[in-house]
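Position 1 is the first residue of the sequence, and the numbers go up from there.
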Amino acid sequence: PAGRAAATTLLSAALRDPSCEPSIRAVAARALAIGEEPPSAWAVAAWLSAEAEILAAGGEGIDPEGAASAARACRTTAPGEPRLLLAEAAFLVARGDGPGGAAAVAELLARAEVGSAPWLAAKELQVRVLAATDPARARAVLEQARALAGGFGDGPEGERLRALDERLPRDAPEARP
């Protein structure tokens, strides 16, 4: 119990500090997740997110196989948990599993309320991934998200969607969302 309390405190502090390195967040989240049976969705989502950042930056990760295993265990105890689905999608994309990431995004979009923070975050990830290979389709999905949600919202997801809106070409041929 004392170790769990210490890991929870450390992870909470690491998540609140924007300058905290993803490797520190990954180690703290891993310590908490492997100390729980079953692991909490909160800890596993933090672990997956940190591993995704490390992998996306070209690193090898702290324990990507352990994170994937914890995610599978957590999905049976917390099915549809938005933070877990979003973190898993980002993790899978960072590992090069585009179809797996797309499936996690699709599940989150189907479960989340249109325009909610989790829905907007899933749309942002979807548009960002599409932008790398199909800017026209990314633009179409972005416009679809704007129309369905009545804008991009005020949170960090909205800021990232607005940044994509500025970056994506507007004159690309239309693509189906």
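Both V93 and L109 belong to a common hydrophobic cluster when Ile, Leu, Val, Met, Phe, Trp and Tyr are linked at side-chain heavy-atom distances under 4.5 angstrom. Both L125 and L120 belong to a common hydrophobic cluster when Ile, Leu, Val, Met, Phe, Trp and Tyr are linked at side-chain heavy-atom distances under 4.5 angstrom. Residue L85 is not grouped with residue V44 when hydrophobic side chains (ILVMFWY) are merged at heavy-atom distances under 4.5 angstrom, including chains of intermediate members. A chain of hydrophobic side-chain contacts below 4.5 Å, direct or via other Ile, Leu, Val, Met, Phe, Trp or Tyr residues, connects L108 to L164. Hydrophobic clustering of Ile, Leu, Val, Met, Phe, Trp and Tyr side chains at less than 4.5 Å, counting indirect connections, keeps L92 apart from L130.
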Verify side-chain contact (heavy atoms from CB on, under 4.5 Å) between D63 and I34, making sure each step is shown before the conclusion.
CA-CA 11 Å; D63 182 5; I34 64 173; 5.9 Å; no
Go through the steps for R25 and E53 under the test side-chain contact (heavy atoms from CB on, under 4.5 Å), then give the verdict.
CA-CA 10 Å; R25 285 184 278 120; E53 284 182 59; 2.9 Å; yes
Could you go step by step and tell me if L32 and W47 meet the side-chain contact (heavy atoms from CB on, under 4.5 Å) rule?
CA-CA 9 Å; L32 184 56; W47 187 5; over 6 Å; no
Are E159 and R162 close enough, and set up right, to give a salt bridge (Lys or Arg N to Asp or Glu O under 4.0 Å), and what steps lead you there?
CA-CA 5 Å; E159 289 177 25; R162 280 187 285 284; 5.4 Å; no
Tell me, with the steps shown, if E143 and R170 meet side-chain contact (heavy atoms from CB on, under 4.5 Å).
CA-CA 10 Å; E143 295 302 334; R170 294 187 183 277; 3.9 Å; yes
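One finds a salt bridge joining R95 and E65 here, because a Lys/Arg side-chain nitrogen approaches an Asp/Glu carboxylate oxygen to under 4.0 Å.
Here the rule is side-chain contact (heavy atoms from CB on, under 4.5 Å) with K123, and of R128, Q144, R160 only Q144 fits it. Applying side-chain hydrogen bond (donor to acceptor under 3.5 Å, both in side chains) to E88 and the options R75, R72, R83 leaves one that passes, R75.
The structure places CD1 of I24 at 8.5 Å from CG of D17, a figure rounded to the nearest 0.5 Å. Atom CG of residue L15 and atom CG of residue L10 lie 9.5 Å apart, to the nearest 0.5 angstrom.
Contact of the W119 side chain with the P82 side chain is not registered, since no non-hydrogen atoms from C-beta on lie closer than 4.5 Å. Side-chain contact between V114 and S116 is absent, with no heavy atoms from C-beta onward closer than 4.5 Å. Here the side chains of V105 and V129 are not in contact, with every heavy-atom distance at 4.5 Å or above. Inter-residue side-chain proximity for L142 and F152 is flagged as met; some heavy-atom pair is nearer than 4.5 Å.
Across W42 and S12, no two heavy atoms sit closer than the pair CH2-OG, 3.7 Å. In this structure, A41 and A78 approach most closely via the heavy-atom pair CB-CB, 4.0 Å. Closest approach of A94 and L55 over heavy atoms only: CB-CB, 3.9 Å. Closest approach of G115 and A149 over heavy atoms only: CA-CB, 3.7 Å. Here the shortest heavy-atom pairing between L86 and A121 reads CD2-CB, 3.3 Å. For the residue pair E157 and A117, the shortest heavy atom distance occurs at CG-O, 3.6 Å.
Using modelled atom types, one side-chain atom of S49 and one backbone atom of A45 make a donor-acceptor pair closer than 3.5 Å. Of the possible donor and acceptor atoms, one in the side chain of R139 sits under 3.5 Å from a partner among the backbone N and O of D165. With hydrogens and angles ignored, the 3.5 Å screen pairs a side-chain donor or acceptor of E51 with a backbone N or O of I62.
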